[in-house]
Amino acid sequence: MISMSDGAAPPSSMSELADYRHRMRHSAAHIMADIVRRLFPEAKLAIGPPTEDGFYYDFLVSRPFTPEDVAAIEAQMREVVAQGVAFQRQEVSRGEAKALFAQEPFKQEIIDGIPPGEAISIYRHGAFVDLCEGPHVTSTSEVKALKLLEVAGAYWRGDEHNPMLQRIYGTAFESQEALDEHLERLEEARRRDHRRLGRELDLFLFDPIAPASPFFLPKGAIVYNLLIQYVRGLYDRYGYQEVITPQIFSTELWKRSGHYEAYRENMYFTTVDDREYGVKPMNCPGHALMYASRLRSYRDLPVRYADFGRLHRYERSGVTHGLTRVRTFSQDDAHIFCRPDQIHQEVKSFAGMVEEAYRLFQFPKPRVALSLRPDPRVGTDAMWDRAEAALEEVLQALELTYERKPGEGAFYGPKVDFFIADALGREWQLGTVQLDFSLPERFDLEYIGDDGSPQRPVVIHRAMLGSLERFLGVLIEHYGGAFPVWLAPVQAVLIPIADRHGEYAQQVAQALKARGLRVQVDDRNERMNAKIRDAQLQKTPYMLVAGDREAAEGNAAVRLRSGENLGPRPVAEVIDLMLEAVAARR
RNA sequence: GCCACCGUAGCUCAGUGGCAGAGCAGCUGUUUCGUAAACAGCAGGUCCUCGGUUCAAAUCCGAGCGGUGGCUCCA
């Protein structure tokens, strides 16, 4: 264990720094709890751990904290830091711990949860004592720069049936400079927020008339459709067939699929001609009907139905978020109907496609989670054994690092989820592959085996990008709005220097358009500098300046959004340059 | 759904009970310009909605709608 006992020696390595921050933040949480108890003597303490970027502490109080409370707490915390109060660790018996925290119901619960024989430790600083494993810094003076950030409600033990506690979030760093840098990074991340960029780049908008339902403006629709076009290209290679299915179905279908029973709260319903209909939240039942519409031979499998159909899910208010959690969206969704012996190959093929796509978008490695059999569940243990093994074998064959999550699978089958973080580090599930033993039963799906007997196929639900809305949201933040050329809604802006160059600029634009490039002419009565600035702010990949010199020579002066100036180039060369980038999906 | 905060011009925001403001964007005019913001003028408001308190409400109170940060949820 590295000692920071003097508190002054700067950490000499990254891991030491991480360790120091961890202890400092943990200690800051204790200091905060101490102050809260002084200001709110009736407050009950829950837990107060350090986190990735800071710390929090949960309290049960008679009224929520106000911003003024938080300011007062922070001010008094600084005083304790200035006083340099020592932290002291002490091991106590279970009985002593129970007695010491007799007035703390949450601490009692925690003590009861500590396995017999395990040491119970407490940490003191001044008059404050907390049940805590540690470690901590040796003195409150080692908490160099701290700031309280947010107050939020949080359920005890993360269960919404438990009382809601008041959580105060804060962060602490080894120096004011490091804290300021951290806050600056947060500000930088906010500049990449897709909701902000969506407005600034005219990609999409939201209107209270349709909460959590994006309106894609022309530029956003271009990117959206290009994503679909890209996926269609993959489908050609990977053997998928695209289908188009209804938007609303009689409730009978949802009763049969089980959605009416299990997912009803999240669905939209309507009644027409005295018959109740449900708007589809998923495509699977529709695809099951298509599969069942004719007799299938084992030779026909796998059948892979892809569907970009629009889905509607009622999401509880408070959970929606920009494009990443919406109430209407479409997925690059597909259902594979296959024989049990084909699961492995199908999952492998899909994982390869995901890998290919994520690499194209230059995403970092996704976090991968393998969710295993829950209770209760459908299907035999033998089927689960086989399905889980198939998923795990594929993950290992592809050398993906993944986390096993026992009990986290859906009742109908195990699944693998792929997660990517947004600008603020919040993770979103994009790709998913889920095996389903339930749907084939419910829809009595069959194929005729090689022995002439009817067999039950397996259904694989899979989406690569997942919700296209969510994917686009994450993608916008990933690129900071600067889409690669092939995805940019406007690939080039023609910038005539003066009015007399307008006609030439139009000619150049037409030449580019004729080759399928997306071009605009900025013929506003503005100076060239202003047009360049606006094109830069729109993150346009190519700015093509047209003045006297260019018009005379049949050139365009090429400026890239990086600021690089390629100088005058023949228009044909500019077109080649751009087409090359598009073809390579750069 | 739960906790907190927020809602003023297209956008970003100022305005703590007494005539609704600024910058940018927009429009009009002048300017015709060489790689990140020309100049001038004009126009733009249900201060989210409804109700209440008050001589008087953007401002105080209540409810609703919407959003933001968390929590829970995401068959």
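Since the structure is predicted, the reported quantities are computational estimates derived from the model, not experimental observations. Letters go in sequence order (proteins before strands), and every chain restarts at 1. Just so it is clear, the values below take in all heavy atoms, side chains as well, and ignore hydrogens, waters and symmetry mates.
Under 4.0 angstrom from either OP1 or OP2 of B:rA36 there lies at least one side-chain N or O belonging to A:Arg559.
Closest to the A:Arg524 side chain, of the nucleotides B:rG34, B:rA36, B:rG26, is B:rG26. Relative to the side chain of A:Arg500, the nucleotides B:rC71, B:rG69, B:rU32 differ in distance, and B:rU32 lies closest. Among B:rC33, B:rG69, B:rU35, the nucleotide with an atom closest to any side-chain atom of A:Val545 is B:rU35. Nearest nucleotide to the A:Asn525 side chain, out of B:rA38, B:rG34, B:rG1: B:rA38. Taking only side-chain atoms of A:Val319, from C-beta outward, the nucleotide of B:rC71, B:rU35, B:rA36 with the closest atom is B:rC71. Residue A:Arg533 places its side chain closer to B:rA36 than to any other of B:rG70, B:rG34, B:rA36. You'll find that the side chain of A:Val151 is closest to B:rA4, out of B:rU12, B:rA4, B:rC73. The side chain of A:Tyr155 sits closest to B:rC71 out of B:rC71, B:rU35, B:rG26. Comparing B:rC73, B:rU12, B:rA36 by their nearest atom to the side chain of A:Glu160 picks out B:rC73. Considering only side-chain atoms of A:Arg325, the nucleotide from B:rC73, B:rA36, B:rC71 that sits closest is B:rC73.
The same atom, C1', is picked in B:rG52 and in B:rG17; the two are 16 Å apart, to the nearest Å. Spacing between B:rU8 and B:rG67 at atom P, rounded to whole Å, works out to 14 Å. Going from the C1' atom of B:rG69 to that of B:rU32 covers 50 Å, rounded to whole Å. If you take atom C1' in B:rA58 and the same atom in B:rG18, they sit 13 Å apart, rounded to whole Å.
Looking at A:Arg316, its side chain comes within 3.5 Å of the base of B:rU72 through a donor and an acceptor atom. Judged by distance alone, with hydrogens and angles left aside, A:Asp499 brings a side-chain donor or acceptor within reach of the base of B:rU32, the pair sitting under 3.5 Å. Below the 3.5 angstrom threshold, one finds no donor paired with an acceptor across the side chain of A:Glu265 and the base of B:rG1.
More than 12 heavy atoms of other residues, nucleotides or ligands sit less than 6.0 Å from atom CD of A:Glu42.
Taking the centre and axis of the six-membered ring of A:Phe419, the NZ or CZ atom of A:Arg367 falls inside the cone set by 45° and 6.0 Å.
No hydrogens or angles considered: nothing links the side chains of A:Trp156 and A:Asp58 as a donor-acceptor pair under 3.5 Å.
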